[in-house]
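Atoms within a ligand are numbered from 1 in the order they appear, just like the ligands themselves. The analysis underlying the following values was restricted to heavy atoms, covering all of them including side chains, and did not include hydrogens, waters or symmetry mates. Position 1 is the first residue of the sequence, and the numbers go up from there.
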Amino acid sequence: MVLQIELVQGDITAQEADAIVNAANSSLLGGGGVDGAIHRKGGPAILAACRSLRASHYGRGLATGQAVATTAGNLRARWVVHTVGPVWSGTEDRSELLRSCYATSLRVADELGAQTIAFPLISAGIYGWPVADAARQALTVLRASTPEHLVEARLVLFGAETYRIAAEQAG
Ligand code: AR6
């Protein structure tokens, strides 16, 4: 199925979607930015699920570019898909890892049967990725994807300037 792609300006924790993607870190134990907001608003069930995943599968952490799903707690979603974006490097091209975050998150959500998924602009905050390129990488993967169940992917941009830059990339 061809995925319908929407760009919206807003707070990802206020979105209604089957799956909400978290720009996490490899510890899966929370942090700032989107990660902090998701855990704050989603409540302790998400952290509890992350802790148990760590214990069972990710004792050494979730690798960059990978994704794993938990409950969405109190969010208006069924699942949170946690993925770990690469830290921006001015010298090394890590864009394949960034694209892998989108591709893996899509696959995880699709396998769960999600029809709608909301993404933040992974790596474009604390991890320092330039917004225009982060949006370009996201759109490349979303446009190429042919999921089984997913019908809509929403890229949720935080703030007017980020939205403007991302929308410019979408053309
Ligand atoms: N809704 C939507 N977008 C948001 C929100 C929100 N509530 N809050 C921030 N953004 P970031 P990263 C935007 O820093 O760069 C955490 O500590 C933000 O403006 O959340 O992948 C993790 O634990 C930016 O455009 O994620 C990791 O350690 C985008 O979301 C690290 O930060 C991503 O910013 C991950 O850094």
Side-chain angles (χ1 to χ4, degrees), residues 5-44 46-51 53-54 58 60-70 72-77 79-90 92-106 108-109 116-139 141-142 152-170:
I5 300 164
E6 307 275 351
L7 270 65
V8 301
Q9 185 188 324
D11 178 343
I12 198 156
T13 65
Q15 297 292 311
E16 193 175 343
D18 293 330
I20 288 178
V21 177
N22 181 19
N25 60 63
S26 69
S27 80
L28 291 175
L29 297 178
V34 172
D35 199 8
I38 282 179
H39 281 284
R40 262 195 310 279
K41 194 138 168 211
I46 301 177
L47 188 58
C50 286
R51 284 192 196 283
L53 269 175
R54 260 189 74 109
Y58 302 105
R60 303 164 88 178
L62 180 65
T64 304
Q66 294 304 299
V68 66
T70 66
N74 303 325
L75 296 175
R76 295 196 298 163
W79 302 284
V80 169
V81 177
H82 306 264
T83 189
V84 183
V87 176
W88 166 256
S89 160
E92 185 192 341
D93 181 5
R94 298 182 176 161
S95 57
E96 198 174 320
L97 285 168
L98 183 54
R99 290 192 298 277
S100 168
C101 289
Y102 288 92
T104 316
S105 299
L106 285 169
V108 166
T116 53
I117 185 167
F119 284 94
L121 201 55
I122 300 163
S123 289
I126 291 163
Y127 282 177
W129 207 286
V131 169
D133 193 63
R136 209 160 30 239
Q137 304 296 340
L139 289 163
V141 179
L142 296 180
E152 185 199 318
R154 207 175 304 145
L155 200 51
V156 182
L157 292 321
F158 202 50
E161 182 61 6
T162 304
Y163 176 81
R164 187 189 64 74
I165 296 169
E168 221 167 70
Q169 299 306 316

Quick one: does [X] get a heavy atom under 4.0 Å from ligand 1?
X: T13; answer: no
X: G10; answer: yes
X: A24; answer: yes

Query raised in the report: Out of L75, N22, V156, which one pairs with T13 under the side-chain contact (heavy atoms from CB on, under 4.5 Å) rule?
Result: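 Option passing the side-chain contact (heavy atoms from CB on, under 4.5 Å) with T13: L75.
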**Report entry** Identified side-chain contact (heavy atoms from CB on, under 4.5 Å) partner of I165 from the options V131, L121, L157
**Finding:** V131
For [atom], closest protein heavy-atom neighbour:
atom: atom 16 (C) of ligand 1; result: G32 O, 3.3 Å
atom: atom 7 (N) of ligand 1; result: D11 OD1, 2.9 Å
atom: atom 29 (C) of ligand 1; result: L121 O, 3.2 Å
atom: atom 9 (C) of ligand 1; result: F158 CD2, 3.5 Å
atom: atom 2 (C) of ligand 1; result: I12 N, 3.4 Å
atom: atom 14 (O) of ligand 1; result: I126 N, 2.8 Å
atom: atom 21 (O) of ligand 1; result: S123 N, 2.8 Å
atom: atom 20 (O) of ligand 1; result: V34 N, 2.7 Å

Report task. Answer yes or no: are there more than 12 heavy-atom neighbours, outside E168 itself, under 6.0 Å from its atom CD? Result -> yes
So do the side chains of [X] and [Y] get within less than 4.5 Å of each other, counting heavy atoms only?
X: L53; Y: V68; answer: yes
X: V141; Y: L106; answer: yes
X: D35; Y: N25; answer: yes

Requested in this report: Inspect the contact between E152 and R154 and indicate whether a charged nitrogen and a carboxylate oxygen are less than 4.0 angstrom apart.
Outcome: yes
Query raised in the report: To the nearest 0.5 Å, what is the distance between OG (S27) and CG (L62)?
Result: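 Here the interatomic distance stands at 10.0 Å.
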Query - Spacing of CD1 belonging to I20 relative to NZ belonging to K41, to within rounding of 0.5 Å - result: 8.5 Å
Query - Polar atom proximity, G125 to ligand 1 (N or O, under 3.5 Å) - result: yes
Show the atoms of ligand 1 that are less than 4.0 angstrom away from any heavy atom in [X].
X: A23; answer: 21 (O), 22 (C), 26 (O), 35 (C)
X: G31; answer: 17 (O), 23 (O)
X: Y127; answer: 12 (P), 15 (O), 21 (O), 27 (C), 28 (O), 31 (C), 35 (C), 36 (O)
X: N25; answer: 22 (C), 23 (O), 27 (C), 28 (O)
X: D35; answer: 22 (C), 23 (O)

**Report entry** Taking every non-hydrogen atom, the tightest pair across A72 and V80
**Finding:**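 Heavy atoms only, the tightest pair is CA-CG2, 3.7 Å.
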Requested in this report: Return the minimal non-hydrogen interatomic distance between V34 and A23, and the atom names on each side.
Outcome: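 Nearest heavy atoms, V34 then A23: CG1-N, 4.1 Å.
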Query raised in the report: Between A134 and ligand 1, which part of the residue brings a heavy atom under 4.0 Å of the ligand: side chain, backbone, both or neither?
Result: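 Near ligand 1, A134 shows nothing, with every heavy atom at 4.0 Å or more.
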**Report entry** Geometric class of the W88/W129 ring pair [parallel <30°, tilted 30-60°, perpendicular >60°]
**Finding:**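 Geometry flag for W88 against W129: perpendicular rings.
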Query raised in the report: Which option out of P86, G159, A124 puts a heavy atom nearest to atom 25 (O) of ligand 1?
Result: A124
